[in-house]
Amino acid sequence: VFLGGDLTMRQDLSIAVQADAAFVHSLTLPIATALLALFFRSLRIMLLPLVTIALSVSSSLLVMYSVSRVLPLHYLVPGLLTCVTLACSVDYCLFFLARLKVKGRVWGG
């Protein structure tokens with residue numbers, strides 16, 4: 001006997017999305033950390049993006065949790081929110097720190 005219908009499909013899809021997201025995060029986070037280490041060649045400077053990324057993802061999920069207590073949200077929202085926040089945080093940190101590195105060279109640092 002097989003179960004079908006919209007509810008079963010949504011439940012199976014939710015489980016698959018969560019498993020895929022865990023797999024993708026287990027690959028991308030070490031790669032991003034390695035790239036940051038190669039680009040900046042400094043542990044102290046590399047920790048700044050990692051801390052700001054952790055803070056931005058945590059705060060955005062906390063805000064989304066507060067919203068979810070009031071409004072029903074689609075099951076894909078947390079995953080998409082995490083991906084977008086992570087991408088924006090990494091990009092902003094790279095731009096900021098690259099500019100800071102250039103300024104250090106100009107100022108003789």
Side-chain angles (χ1 to χ4, degrees):
V1 174
F2 294 104
L3 296 175
D6 189 48
L7 183 59
T8 305
M9 182 191 70
R10 285 180 188 231
Q11 184 178 8
D12 290 344
L13 188 59
S14 175
I15 292 169
V17 165
Q18 289 174 358
D20 289 345
F23 176 70
V24 166
H25 289 310
S26 70
L27 287 177
T28 56
L29 291 178
I31 291 171
T33 304
L35 289 174
L36 285 171
L38 283 172
F39 185 73
F40 292 115
R41 295 185 181 105
S42 169
L43 181 64
R44 192 177 68 200
I45 293 176
M46 188 185 79
L47 287 177
L48 182 64
L50 295 177
V51 169
T52 58
I53 289 167
L55 287 173
S56 63
V57 169
S58 300
S59 61
S60 65
L61 288 175
L62 183 63
V63 169
M64 192 52 59
Y65 175 74
S66 302
V67 171
S68 72
R69 303 293 287 169
V70 178
L71 300 170
L73 298 175
H74 195 270
Y75 64 91
L76 291 176
V77 169
L80 290 174
L81 178 71
T82 303
C83 289
V84 170
T85 305
L86 188 63
C88 291
S89 297
V90 168
D91 288 346
Y92 179 75
C93 282
L94 286 177
F95 292 142
F96 177 73
L97 291 174
R99 182 71 178 151
L100 196 64
K101 191 175 181 180
V102 169
K103 285 276 191 186
R105 280 191 210 138
V106 170
W107 292 337

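Side-chain atoms are counted along with the backbone in the values below, which use heavy atoms only and exclude waters and symmetry mates. Model, not experiment: these values are computed from the prediction.
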Peer 1: What's the separation between atom CG in Asp20 and atom CG in Leu13, rounded to the nearest 0.5 Å?
Peer 2: 9.5 Å
Peer 1: What residues form a side chain to side chain contact (heavy atoms under 4.5 Å, CB included) with Met9, not counting sequence neighbours?
Peer 2: Asp6
Peer 1: Linking directly or through intermediates, with side-chain heavy atoms under 4.5 Å: list the remaining ILVMFWY members grouped with Ile31, chain and number order.
Peer 2: Leu35
Peer 1: Got a list of side-chain donor-acceptor pairs under 3.5 Å for residues 76-84, not counting sequence neighbours?
Peer 2:
unit_1: Thr82; atom_1: OG1; unit_2: Pro78; atom_2: O; d: 2.8

Peer 1: Would you say Leu62 ends up clustered with Met64 if hydrophobic residues are merged whenever their side chains have heavy atoms under 4.5 Å apart, either directly or through other cluster members?
Peer 2: no
Peer 1: Could you list who else is in Ile15's hydrophobic cluster, with ILVMFWY side chains joined at under 4.5 Å, directly or through other members?
Peer 2: none
Peer 1: Should Leu61 and Leu73 be counted in the same cluster of Ile, Leu, Val, Met, Phe, Trp and Tyr side chains packed under 4.5 Å apart?
Peer 2: yes
Peer 1: If you link ILVMFWY side chains whenever their heavy atoms are less than 4.5 Å apart, which other residues fall into the same cluster as Phe23? By chain and number, please.
Peer 2: Leu27
Peer 1: Run the side-chain donor-acceptor check on residues 88-98: report pairs under 3.5 Å with partners two or more places apart or on a different chain.
Peer 2:
unit_1: Ser89; atom_1: OG; unit_2: Ser56; atom_2: OG; d: 2.7
unit_1: Ser89; atom_1: OG; unit_2: Thr85; atom_2: O; d: 2.8

